[in-house]
Amino acid sequence: MMEQKTPTRIVIVGAGQAGAALAAKLRRLGFAGAITMIGAEAALPYERPPLSKAFLLGKIDAERLQLRPPSFYREQEITLLTGQTVQKILPQDQLVRLEDEALGYDALALTTGSAPRKLPDAVTGGLRGVHVLRNIDDARALAKACGSARRALVVGGGYVGLEATAVFRGLGIEVTLVELGARILSRVAAPETADRLRDLHLSHGVTILEGTGLAELCGNGRVEEAVLTDGTTLPTDLVLAGIGAVARDGLARDAGLAVQDGILVDRFGRSSDPAIYAAGDCARFPFDGVPTRLESVQNAVDQAEHVAANMLGQATPYHPVPWFWSDQYDLKLQIAGLGHGHEQVVIRPGKRDGAVSHWYFRGGSMKAVDALNDPASFMLGRRLLEKGCRVRPEDVGGSTAHLRQILESA
């Protein structure tokens, strides 16, 4: 890593999970300079995962979502500017321009996150009752709509769509889920995992239509009917689009940084400008030989903390073992690693009734594990990946003791 001066002024653009983790880590590492964190939302930095679960169900309020109390930012002397939008970054002058002022920086971190893909206007017709779920305002609007909704259409069979579907059914709302691809979770999970989740939703009365998309929404000012790509028409009074997210990399692109659905960074989190770093959903970094962008709380926090250390000259490469989770009805899915490009899946029954894990292999080596109501297998698989253990398909078919021996001998 290049020689660099220790910064005295650090600006963080983005006040989500990554931005908050980065600021806190800087202080824990002893950084005594100025930290300014800028967030477009009016709220203090908060947790996002509960938005599609507990918050949507009304089980927790907005205050409980806060990552830190207001006093934390005062005590740590972190200047937090909420409800403010960065207009432009001027790398040559090392300035961040807001609407009414410009802030200088020695090092800049972009933790701008990602934005949900929205259905085209040609499909929605500008009708009310069409939602996305990304921030707290989205969740509030969706929760309000759920109060009177009877029939929901969920567009997209990824984790956001499936989690929201489970919440809707818990509220007594009829749900049809359409997935344009051949199956649900086609980009993120093996068929074995998708099959288990499909069966779960079907058992709760959800209608799932795969290989089917949304052609058009109809209504008088508000959505009343959905026309699908196969010509089917469905009465509906609530539509949720869960069709993925795109990186918020517009500021970086306009500043001349290298972007590719995400800000391209090296293994230290540094962008094409050595004074500018990126972390979290907006960053695309080298992973397993491929530029990769991860959308998860774990990655946002871990990558942000690595960036904090590297801003202060520690030169720590980022080599994560990604992990994720999803709660749907009474099922907890826990994932360790990335199974992209896998060639084989080994199914391993768990100790409890209904518990199972799916182990992904490529080139005879373990790449990931999906654990369904099987936390022991998740923890074992995660530790094997973290230690870089060589695990073969036949090892997974053996005893737990054998896998533990592999772990202990690493």
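Below, each value reflects all heavy atoms present in this structure, side chains not excepted, and no hydrogens, waters or symmetry copies. Position 1 is the first residue of the sequence; numbering continues from there.
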Please find the pair of heavy atoms, one from [X] and one from [Y], that lie closest to each other, and give the distance.
{"X": "Glu47", "Y": "Arg64", "result": "OE2-O, 4.4 Å"}
{"X": "Asp374", "Y": "Ser377", "result": "OD2-OG, 2.8 Å"}
{"X": "Ile335", "Y": "Tyr159", "result": "CD1-OH, 3.4 Å"}
{"X": "Ala164", "Y": "Leu240", "result": "CB-CD2, 3.3 Å"}
{"X": "Gly19", "Y": "Thr111", "result": "CA-OG1, 3.4 Å"}
{"X": "Arg382", "Y": "Val321", "result": "O-CG1, 4.4 Å"}

How long is the straight-line distance from [atom2] of [Y] back to [atom1] of [X], given to the nearest 0.5 Å?
{"X": "Arg267", "Y": "Tyr318", "atom1": "CZ", "atom2": "OH", "answer": "15.0 Å"}
{"X": "Leu44", "Y": "Leu67", "atom1": "CG", "atom2": "CG", "answer": "9.5 Å"}
{"X": "Leu333", "Y": "Glu163", "atom1": "CG", "atom2": "CD", "answer": "9.0 Å"}
{"X": "Leu384", "Y": "Arg404", "atom1": "CG", "atom2": "CZ", "answer": "9.0 Å"}
{"X": "Leu197", "Y": "Tyr329", "atom1": "CG", "atom2": "OH", "answer": "10.0 Å"}
{"X": "Thr229", "Y": "Glu216", "atom1": "OG1", "atom2": "CD", "answer": "12.5 Å"}

Before accepting this row, confirm whether a basic side-chain N of the pair [X]/[Y] lies closer than 4.0 Å to the acidic partner's carboxylate O.
{"X": "Asp237", "Y": "Arg151", "value": "no"}
{"X": "Arg293", "Y": "Asp249", "value": "no"}
{"X": "Arg284", "Y": "Asp261", "value": "yes"}
{"X": "Arg48", "Y": "Glu41", "value": "yes"}

Ignoring hydrogens and geometry, is there a side-chain-to-backbone donor-acceptor pair from [X] to [Y] under 3.5 Å?
{"X": "Arg134", "Y": "Pro116", "value": "no"}
{"X": "Thr82", "Y": "Ala43", "value": "no"}
{"X": "Thr112", "Y": "Leu110", "value": "no"}
{"X": "Arg222", "Y": "Glu224", "value": "no"}
{"X": "Asp254", "Y": "Leu251", "value": "no"}
{"X": "Thr236", "Y": "Ala226", "value": "no"}
{"X": "Arg27", "Y": "Phe31", "value": "yes"}
{"X": "Arg187", "Y": "Gly158", "value": "no"}
{"X": "Gln298", "Y": "Pro322", "value": "no"}
{"X": "Arg362", "Y": "Met366", "value": "no"}

Going by atom types alone, do [X] and [Y] pair a side-chain donor with an acceptor below 3.5 Å?
{"X": "Thr36", "Y": "Arg9", "value": "no"}
{"X": "Asp230", "Y": "Thr232", "value": "yes"}
{"X": "Asp370", "Y": "Tyr360", "value": "yes"}

Would you say [X] and [Y] make side-chain contact, with heavy atoms under 4.5 Å?
{"X": "Asn299", "Y": "Phe285", "value": "yes"}
{"X": "Lys332", "Y": "Asn373", "value": "yes"}
{"X": "Asn310", "Y": "Arg270", "value": "no"}
{"X": "Pro320", "Y": "His306", "value": "no"}

Of all pairs that satisfy side chain to side chain donor-acceptor pair (under 3.5 Å), the ones with a partner from residues 206-215, not counting sequence neighbours:
Arg198-Glu210

Residue pairs passing the side chain to side chain donor-acceptor pair (under 3.5 Å) test where at least one lies in residues 333-342, sequence neighbours excluded
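Pairs touching residues 333-342 that pass the test: none.
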
Please test Val239 against Leu119 for side chain to side chain contact (heavy atoms under 4.5 Å, CB included), starting from the C-alpha separation and ending with a verdict.
CA-CA 10 Å; Val239 177; Leu119 295 168; 4.2 Å; yes

Under the criterion side chain to side chain contact (heavy atoms under 4.5 Å, CB included), I'd like the reasoning laid out for Ser52 against Val160: C-alpha separation, chi angles, the key distance, then a yes or no.
CA-CA 7 Å; Ser52 62; Val160 169; 5.6 Å; no

Got a sec, which residues hit salt bridge (Lys or Arg N to Asp or Glu O under 4.0 Å) with Arg117, two or more places apart in sequence or on another chain?
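Arg117: no salt bridge (Lys or Arg N to Asp or Glu O under 4.0 Å) contacts found.
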
Taking it one step at a time, do Val369 and Val396 satisfy side chain to side chain contact (heavy atoms under 4.5 Å, CB included)?
CA-CA 11 Å; Val369 58; Val396 173; over 6 Å; no

For atom CG of Asp61, decide whether the heavy atoms of other residues, nucleotides or ligands shown that lie under 6.0 angstrom number more than 12.
yes

I would like to know whether Asp288 and Leu338 meet side chain to side chain contact (heavy atoms under 4.5 Å, CB included); could you show each step before the answer?
CA-CA 9 Å; Asp288 202 15; Leu338 288 181; over 6 Å; no

